[in-house]
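All remarks here apply to the structure that follows.
Just the heavy atoms: all of them, side chains too, but no hydrogens, waters or symmetry mates, feed the values below.
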Number of protein chains: 2
Amino acid sequence: MSEEDIFSAFATHERWIGEAMKEARLAADKGEVPVGAIIVRDAQVIGRGHNQVESLRDPTAHAEILAIGSASGHGENWRLEDATLYVTLEPCTMCCGAILLARVRSVVFGAADQRAGAVVSTGRLLDGNPYRQHIEVVGGISAGDCGAILSDFFQSRRD
Amino acid sequence: MSEEDIFSAFATHERWIGEAMKEARLAADKGEVPVGAIIVRDAQVIGRGHNQVESLRDPTAHAEILAIGSASGHGENWRLEDATLYVTLEPCTMCCGAILLARVRSVVFGAADQRAGAVVSTGRLLDGNPYRQHIEVVGGISAGDCGAILSDFFQSRRD
């Protein structure tokens with residue numbers, strides 16, 4: 001990859017993480033912990049989701065799960081082999097498992113989750129996984145902005 | 001625990017795994033890989049689910065996820081702290097994560113899943129988890145019958 005290609009990939013990642021942040025803000029508007037995700041294939045958004053654990057009264061209703069569900073219903077089959085998941089926060093154990101099952105090609109996340117992130121923070125569940133899949137991972141894209149959406153939300157709840 | 005209590009607990013587990021097997025058979029009837037799950041609280045079934053990945057075109061539509069979703073909508077809040085998940089096959093990475101997020105108290109499974117099971121076979125994701133939860137796990141209840149539902153299904157697809 002040339003330097004130019006690397007900068008171009010980075011700009012693309014920032015743009016899509018920006019779309020995922022819009023989803024996170026929708027979660028905040030509902031009083032949900034603000035995490036958002038989108039699925040992109042061929043430069044098109046094919047799935048979107050934001051955390052809705054409280055609204056749907058369902059602990060599995062994380063942004064990534066809802067985005068994967070909506071993207072998988074989009075095409076002819078549910079496999080997302082050529083797709084990238086963009087998410088504002090590092091995925092947890094459940095969402096790493098869902099990423100593997102959906103056969104997502106690559107994952108780009110914003111802020112790390114020291115408490116429950118399972119990509120790099122508390123485990124490395126996408127590496128050497130039981131399905132023997134290779135998943136490209138990029139972390140830290142617009143991490144400050146993604147983290148600020150969360151910290152602003154928790155600050156406003158404390159006030 | 002007295003010997004009598006142990007036998008009584010075992011009989012209870014077998015009974016509920018039998019209910020989960022009914023769900024697995026519903027999956028088989030739809031041409032889905034036959035895995036079934038139920039959630040039990042206070043000796044009542046409060047959630048049921050069977051694998052519907054193909055029908056719903058959603059790789060996250062595992063029996064456990066659907067059972068947790070249905071049980072969580074059942075009560076006043078989505079937490080399943082006093083509940084037990086019974087499932088015919090050892091849960092995968094995604095479902096272990098969902099079990100932790102749902103705060104299920106205990107998990108009873110039938111057959112082990114050498115390929116993708118994440119409770120004992122390819123990992124031990126419920127032990128020493130990032131959420132510091134203690135989850136009781138019992139495996140191998142009616143394992144032969146639970147496994148036979150799966151092997152019969154794959155055999156009939158090959159024929």
Side-chain angles (χ1 to χ4, degrees), chain A residues 33 39 47 49 51-62 64-81 83 90-104 113-119 121-133, chain B residues 33 39 47 49 51-62 64-81 83 90-104 113-119 121-133:
Chain A
V33 174
I39 312 270
N51 178 39
Q52 293 198 65
V53 164
E54 300 298 340
S55 319
L56 300 179
R57 298 205 308 178
D58 183 347
T60 74
H62 278 196
E64 300 94 314
I65 298 287
L66 299 175
I68 288 170
S70 85
S72 291
H74 182 89
E76 280 174 22
N77 77 39
W78 51 258
R79 292 166 189 83
L80 300 174
E81 278 152 354
E90 181 186 352
C92 72
T93 298
M94 173 182 71
C95 292
C96 284
I99 286 161
L100 292 165
L101 291 168
R103 307 191 196 173
V104 169
D113 182 356
Q114 300 299 334
R115 194 183 76 90
V119 179
S121 296
T122 71
R124 302 187 74 92
L125 296 186
L126 300 182
D127 299 346
N129 58 72
Y131 309 95
R132 298 171 191 266
Q133 283 174 48
Chain B
V33 174
I39 311 269
N51 178 39
Q52 293 199 64
V53 165
E54 301 297 340
S55 319
L56 300 179
R57 298 204 312 180
D58 184 347
T60 73
H62 279 196
E64 300 94 314
I65 299 287
L66 299 174
I68 288 170
S70 85
S72 291
H74 182 89
E76 280 175 25
N77 77 39
W78 51 258
R79 292 165 189 83
L80 301 174
E81 276 150 355
E90 181 186 352
C92 71
T93 299
M94 172 181 72
C95 292
C96 284
I99 287 161
L100 292 164
L101 291 168
R103 307 190 196 174
V104 168
D113 181 356
Q114 300 299 335
R115 194 183 76 89
V119 179
S121 295
T122 71
R124 302 187 74 91
L125 296 185
L126 300 181
D127 299 346
N129 58 72
Y131 309 94
R132 297 170 190 266
Q133 284 174 48

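- Residues satisfying the side chain to side chain donor-acceptor pair (under 3.5 Å) test with B:D58, not counting sequence neighbours, are B:T60.
- The structure places CE of A:M94 at 12.5 Å from CD of B:E64, a figure rounded to the nearest 0.5 Å.
- Here the CZ-CZ distance, from B:R132 to A:R115, works out to 10.0 Å after rounding to the nearest 0.5 Å.
- Interatomic distance, A:Y131 OH to B:C92 SG, rounded to the nearest 0.5 Å: 4.5 Å.
- Only the side chain of A:R79 comes within contact range of chain B, judged by heavy atoms closer than 4.5 Å.
- Ranked by heavy-atom pairs under 4.5 Å with chain A, the list B:G73, B:G69, B:A102, B:A61 is led by B:G73.
- When the side chain to side chain donor-acceptor pair (under 3.5 Å) test is applied to B:E81, no partner is found at least two apart in sequence or on another chain.
- The side chain to side chain donor-acceptor pair (under 3.5 Å) check on B:Q133 picks up nothing, with sequence neighbours excluded.
- Along residues 121-130 of chain B, the residues that come nearer than 4.5 angstrom to chain A, judged on non-hydrogen atoms, are B:T122, B:L125, B:P130 in order of number.
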